[in-house]
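What follows is one structure encoded as structure tokens, with my remarks underneath.
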Amino acid sequence: MARGRLRIYLGAAPGVGKTYAMLEEGQRLAAAGSDVVVGFVEPHGRRPTAARAEGLETIPRSTMEYRGATFTEMDLGAVLARRPQVALVDELAHTNVPGSRHGKRWQDVEGLVDAGIDVVTTLNVQHLESLGDVVRQITGVPQRETLPDEVARRADQIELVDLPPELLRRRMLHGEIYPSDRIEAALTHYFRVGNLTALRELALLWLADRVEEGLQRYRAEHGITTPWETRERIMVALTGGPEGDTLIRRAARVTARIPGSELLALHVVPSDGLTHGDQAALDTQRALVESLGGSYHQTTGDGIPEALLQFAEAENVTQIVLGASRRGRFSTFLRGGVGHRTIQRSGPIDVLVVTHEHAAGATSALRLPRPSSATGPRRFWTAMLLAAITLPGLTALLVLLDEHVDLALALVLYLLAVVVIALVGGLVPALLAALAAGLLANYFFTPPLHSLRVERLADVLALVVYVVTAVIVGTAAGNAARRTYQAVRASSEARALSRLATAMMHGQDLPTLLEQVREDFGLDAVSLLERDTGHAAEPRWYVVASTGEHPPERPYDADVDSPVGDDLTLAARGRPLSSDDQRVLGACAAQLGMAYSHGRLAAHDAETGLRAEAEHTRASLLLTASRDLRSPLRAADEALNSLGARTDPKEAQLLGTARSSVSRAVQLVSDLDELSRLHAGALDLYLRPVDLDEMLTAVMDALGPGGHTIRCSLPEQLPDVIADAAVLTRVLTALAAEAQRHSPPPRPPRLTTETRLGQVVIHVTDGTDAEVQDAERATRPSRTPDSLALRMARDLTETMGGTLETVATGPGFAVELTLPAAAPRRR
């Protein structure tokens, strides 16, 4: 039986319209004559979604009891028995009630597809298993229901259902996604604009990767090897040489000029597994590539051009960036450089050859051969000394045995000496020894003796064959020695780093890790030091962890130190380390720095989690309290207003106090709701030039009747301010009410304005006169209290691009509101 097809509607968050799109597809297929049934749809109380399911046959759900509660799930057996052409199944990542045929709904869907039934389903990106940790880091919410990525990858078609974050939040605010009692909490936490934007990007990137996989699969199935320039992929080839940084930055600039392009870096390792590049330089270049947003890759191949082009074809690379050859003209003449051979075989792939200061011809200075970095200077000079002793000694011995020695025996013995020298010192001493031995054999054992002339053709050929053989054998022996040294060195380095990484994975503490480093390098003491950034003039260091006797407490007290960052370093006392040892010590220091940073981050995350939980609890309590208080306060206010006037002065006074208190409580609840909306980002602003004269009239109307008086002082040529008229009215009303509440009964609050450097400053103070401030300073507060109304006014002002500050020059209430001034009006 042919398998059915699986179609997934993918969304970045709940409410984007996945279920609605699935039902629309079902209606379209049904109208086209397909047999469509609804296996499971959860509209979540959304009437438009439920309406789209009307007219489609719905398979009744199965009812199950679990822990005393009743649940409904998709009846898989009924759908299989019905055998429709298409089944609509919502929420692919859903976990079934225990006792169901399968633990997960995606397993039910697999059963339908295996039975030859096409399935249309829905999925949110946060439920993908590979993105679980990323989503938790973004939203702070762990995902309990996850779906293996492989299940989604096997889908025949994936369609993205997308909405901008602002539109999704607006739908949430209008009650189209969650019930009203969950809206405020959702807008404040999961449905923040940043969260939705990040989830949307995750969905787009994940789907783009699936599209790329499909494209590569199509190219492979149809044998297409030429790159398709669906998007630019720029690959830079790295050798580990000093020119690598220049090539990476050049390729990064090319990538930055092409929107949607991708940067890759590739290092080709010879097939023997031993890299010819400087590993420390490669590590640095890898970090540079990743810091520029690229990806680093490594491959193995016999020929560098072939490996480069094979990787480029596999990754659909469109451009290759190479460095100009560092080889001389003679070497290039004998065998074309990597760039030349790559260009010859690149086909449709563009090759960019970048010049650099290390290219051949950049310097014409003649340089002597340097000791191999693998064997080291000590072994190099040891081999040279061995050659200086062995060749003359061997020659003297052969001269003494002159009657028993011919040219062939002498050349064989000289060849043996060259091989020994190559094994000790590498290639350069072996080549020098081979040439010197050839001259000695010619002078002492080739007729005419004690002359460099050669009379017989056979002797000429013997000497030439010897020199060529000695050079080949010496080269092979030197390479073998060098590679053996590199292999042993790499093995020891990998073992040391692996031990340290294993200890870190097992959760070992820093002193234990430092003790392992000390033992690996044979040091006396090791310390991990951190600098106190609060003392920039004279840096102060403190010991994070240490091991050994008398560990260094400052970097300059150590025999060797390896900085991890600007403020962290690994300091050690003991034997001097070679450059290779220092490089490995630097890698160990980086791992120790990561362990220390991860420990600090874990502690910080735990503390942040506690704070976030406390803040969430506090916000939930405030929202619950505001909702619960709104109805009784409104009832109390209506009841007080219905009592009418009182003839008894005391009763009238008490009734007025009660009305005022209830009105203030109602206002506080309203302010609390406004703050919640503001912090949730659900407040839309319309910024435009606003006339303050008109605002003051609106403020007086908002304060209502009751003898409210405000003394205003506005200059005649006062410019308009850039603000939202409704929000500014709310802010000024709150400030005026607070100033009125703090003012003594006979003196009304004051409002004055001034212009200052392109801004309009509004001063709101209570009615305290300057001459009585000193007398009242002892009994009244010396700073404006930070009330809920004042906090709301400050937050609203900041959303309009202004500032609101309290003024502590005297007692009572005094604030300073600053807003941008509008350009003068044209007359």
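Excluded from the calculations below are hydrogen atoms, water molecules and symmetry mates; all remaining heavy atoms, backbone and side chain alike, are included.
Residues Ala265 and Leu238 come closest through the heavy atom pair CB-CD1, 3.9 Å. Across all non-hydrogen atoms, the minimal contact from Pro392 to Ala387 is CD-O, 3.7 Å. When every heavy atom of Arg233 is checked against every heavy atom of Leu264, the shortest pair comes out as CB-CD1, 4.0 Å. The nearest pair of heavy atoms linking Ala307 to Val268 is CB-CG1, 3.7 Å. Smallest separation of non-hydrogen atoms from Ala572 and Leu523: CB-CD1, 3.6 Å. The two residues Val236 and Ala251 come nearest to each other via the heavy atoms CB-CB, 4.0 Å.
Arg518 places no side-chain N or O within donor-acceptor distance of the main-chain N or O of Gly548, the cut-off being under 3.5 Å. For the pair Asp559 (side chain) and Gly574 (backbone), a donor-acceptor distance under 3.5 Å is present. Remark: the backbone N or O of Ser527 is not paired with any side-chain donor or acceptor of Glu553 at under 3.5 angstrom.
Taking 4.5 Å as the limit, some side-chain heavy atom of Leu308 sits within range of a side-chain heavy atom of Leu266. Taking the side chain as every heavy atom from C-beta outward, Phe521 and Val526 never approach each other to under 4.5 Å. Counting heavy atoms from C-beta outward, Val543 and Leu528 have side chains that stay 4.5 Å or more apart. Side-chain contact check for Phe445 versus Leu411: every heavy-atom pair is 4.5 Å or farther apart. Counting only heavy atoms from C-beta outward, the side chains of Leu398 and Leu394 approach each other to under 4.5 Å. Between Pro429 and Val424 the shortest side-chain heavy-atom distance does not fall below 4.5 Å. Looking only at side-chain heavy atoms (C-beta outward), Glu232 and Val254 stay at 4.5 Å or farther from each other. No side-chain heavy atom of Glu315 sits less than 4.5 Å from a side-chain heavy atom of Met235.
The number of heavy-atom neighbours closer than 6.0 Å to CD of Gln298, taken from other residues, nucleotides and ligands shown, is above 12. Within a 6.0 Å sphere centred on CD of Glu549, heavy atoms belonging to other residues, nucleotides or ligands number 12 at most. Under a cut-off of 6.0 angstrom, the local environment of CD in Glu530 is crowded, with over 12 non-hydrogen atoms contributed by other residues, nucleotides or ligands.
One finds the CG atom of Leu322 at 10.5 Å from the CD atom of Glu243 (value rounded to the nearest 0.5 Å). Here the OG1-CD1 distance, from Thr239 to Ile304, works out to 8.0 Å after rounding to the nearest 0.5 Å. Of the inter-residue distances, the one linking Ser346 atom OG with Ile320 atom CD1 reads 6.5 Å to the nearest 0.5 angstrom. Between atom OH of residue Tyr414 and atom OG1 of residue Thr395 there is a gap of 2.5 Å, rounded to the nearest 0.5 Å. Rounded to the nearest 0.5 angstrom, Thr390 OG1 and Leu385 CG are separated by 8.5 Å. Note that CG of Leu439 and OG1 of Thr446 are 10.5 Å apart. Values are rounded to the nearest 0.5 Å.
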Requested in this report: For Val353 and Ile343, run side chain to side chain contact (heavy atoms under 4.5 Å, CB included): C-alpha distance rounded to whole Å, both residues' side-chain angles, the deciding distance at 0.1 Å, then the answer.
Outcome: CA-CA 9 Å; Val353 179; Ile343 292 173; 4.0 Å; yes
Query - side chain to side chain contact (heavy atoms under 4.5 Å, CB included) between Gln285 and Asp245, intermediate numbers included - result: CA-CA 6 Å; Gln285 292 164 10; Asp245 291 357; 3.3 Å; yes
Query raised in the report: Are Val321 and Val354 close enough, and set up right, to give a side chain to side chain contact (heavy atoms under 4.5 Å, CB included), and what steps lead you there?
Result: CA-CA 7 Å; Val321 178; Val354 179; 3.7 Å; yes
